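Single-structure report; data block below.
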Amino acid sequence: MVFSISEETSGVEMNYSGEIDLTGLVFLGSGAGSVAGLNSSTGTLVNQVGPFDSYVPGAPVSFGTGGLTVASSATGDVFGLVDGVDVAGQDELQLPVGYVSGAPISGSFSFAGASFTSLGLTSGTSFLNTLSNGDTIRIDVGISAAVPLLATLPLLLAGIGAIGWAARRRRT
């Protein structure tokens with residue numbers, strides 16, 4: 001599972017996608033929520049808009065210095081990595097009700113008008129949460145995904161072709 005956090009002119013955007021391996025994780029129970037947000041100082045990331053199943057994950061890793069901030073909007077699958085400080089003393093991994101190990105999860109939330117600074121985040125940093133079963137959740141703050149070399153090749157060839165066409169046209 002990967003969380004990508006980016007700073008835009010309208011605020012901070014957080015997107016997540018991936019899958020979770022439930023092997024060896026202890027089921028805690030089910031619940032429902034209606035909040036999305038983060039607390040970077042405790043490692044809490046949550047999109048609880050709907051019912052969820054909870055598991056014991058191992059302690060979340062702090063990824064900044066900010067306090068609890070509620071998102072202005074959220075979409076996608078329910079997901080939560082919650083530190084016990086932010087809920088009733090129990091660290092929790094929250095997933096959609098009936099989640100099947102290895103199934104894809106994705107979603108996003110926005111913090112309108114926020115900045116990395118106001119959320120206590122530092123651009124260019126990456127943090128790795130290792131669950132009690134060895135599975136990982138990575139949080140990338142302000143790190144752009146690299147464009148694969150093969151994906152840029154057609155653009156390069158089109159550019160070279162356009163230059164050649166323009167040069168040939170100029171000679172005639």
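Note that the coordinates shown come from a computational prediction; the quantities given were computed from them, not determined experimentally.
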- Item | Spatial distance of atom CD1 (I5) from atom CG (L119) [nearest 0.5 Å] | 8.5 Å
- Derivation and outcome, side chain to side chain contact (heavy atoms under 4.5 Å, CB included), residues V46 and F79: CA-CA 6 Å; V46 64; F79 180 86; over 6 Å; no
- Message: Using every non-hydrogen atom in the two residues, find where L121 and S40 come nearest and quote the distance to one decimal.
- Response: CD2-CB, 3.7 Å
- Message: Ignoring hydrogens and geometry beyond distance, is a side-chain donor-acceptor pair present between N47 and Y16 at under 3.5 Å?
- Response: yes
- Message: Could you see if I105 belongs to whatever hydrophobic cluster contains F27? Use Ile, Leu, Val, Met, Phe, Trp, Tyr and a side-chain cutoff under 4.5 Å.
- Response: yes
- Which heavy atom of D21 sits nearest a heavy atom of S101, and at what distance? OD1-OG, 3.2 Å
- Measure across D77 and P96 and return the closest heavy-atom pair with its distance rounded to 0.1 Å. CB-CG, 4.2 Å
- Query: Between the side chains of S41 and T65, does any donor sit under 3.5 Å from an acceptor?
  - Reply: no
- Query: Between CG of D135 and CE of M1, what distance do you get to the nearest 0.5 Å?
  - Reply: 9.0 Å
- Task: Taking the side chain as every heavy atom from C-beta outward, state whether P57 and L81 have any pair of such atoms under 4.5 Å apart.
- Result: yes
- Message: Would you say D140 and S126 are linked by a side-chain donor-acceptor pair, where the criterion is simply a distance under 3.5 Å?
- Response: yes
- Message: Distance check, rounded to the nearest 0.5 Å: F109 atom CZ versus M14 atom CE?
- Response: 4.5 Å
- Which value, rounded to the nearest 0.5 Å, describes the distance between I137 atom CD1 and L93 atom CG? 5.5 Å
- Task: Test I139 against N129 for side chain to side chain contact (heavy atoms under 4.5 Å, CB included), laying out the working first.
- Result: CA-CA 8 Å; I139 302 165; N129 280 286; 3.5 Å; yes
- Note on the structure: Closest non-hydrogen contact found for V141 with T122 is CG1-O, 3.3 Å
- Short side-chain donor-acceptor distance under 3.5 Å, S4 and N15: no
- Can a donor-acceptor pair be found between the side chains of E13 and S110 at a distance below 3.5 Å? yes
- Task: Compare all side-chain heavy atoms of D83 with those of N39 and state whether any distance is below 4.5 angstrom.
- Result: no
- Close side-chain approach of Y99 to Q94, heavy-atom, < 4.5 Å: no
- Any side-chain heavy atom of S115 sitting closer than 4.5 Å to one from E7? yes
- Message: Do F127 and F116 sit in one hydrophobic cluster, given that two such residues count as connected whenever their side-chain heavy atoms are within less than 4.5 Å of each other, even indirectly?
- Response: yes
- Message: Using every non-hydrogen atom in the two residues, find where L131 and I20 come nearest and quote the distance to one decimal.
- Response: CD1-CG2, 4.3 Å
- Note on the structure: Smallest heavy-atom separation, L38 atom then L45 atom, equals CB-CD2, 4.1 Å
Review item, side-chain donor-acceptor pairs of residues 49-56, under 3.5 Å, at least two apart:
from : atom 1 : to  : atom 2 : distance (Å)
D53  : OD1    : S30 : OG     : 2.6
D53  : OD2    : G98 : N      : 2.9
S54  : OG     : E92 : OE1    : 2.8

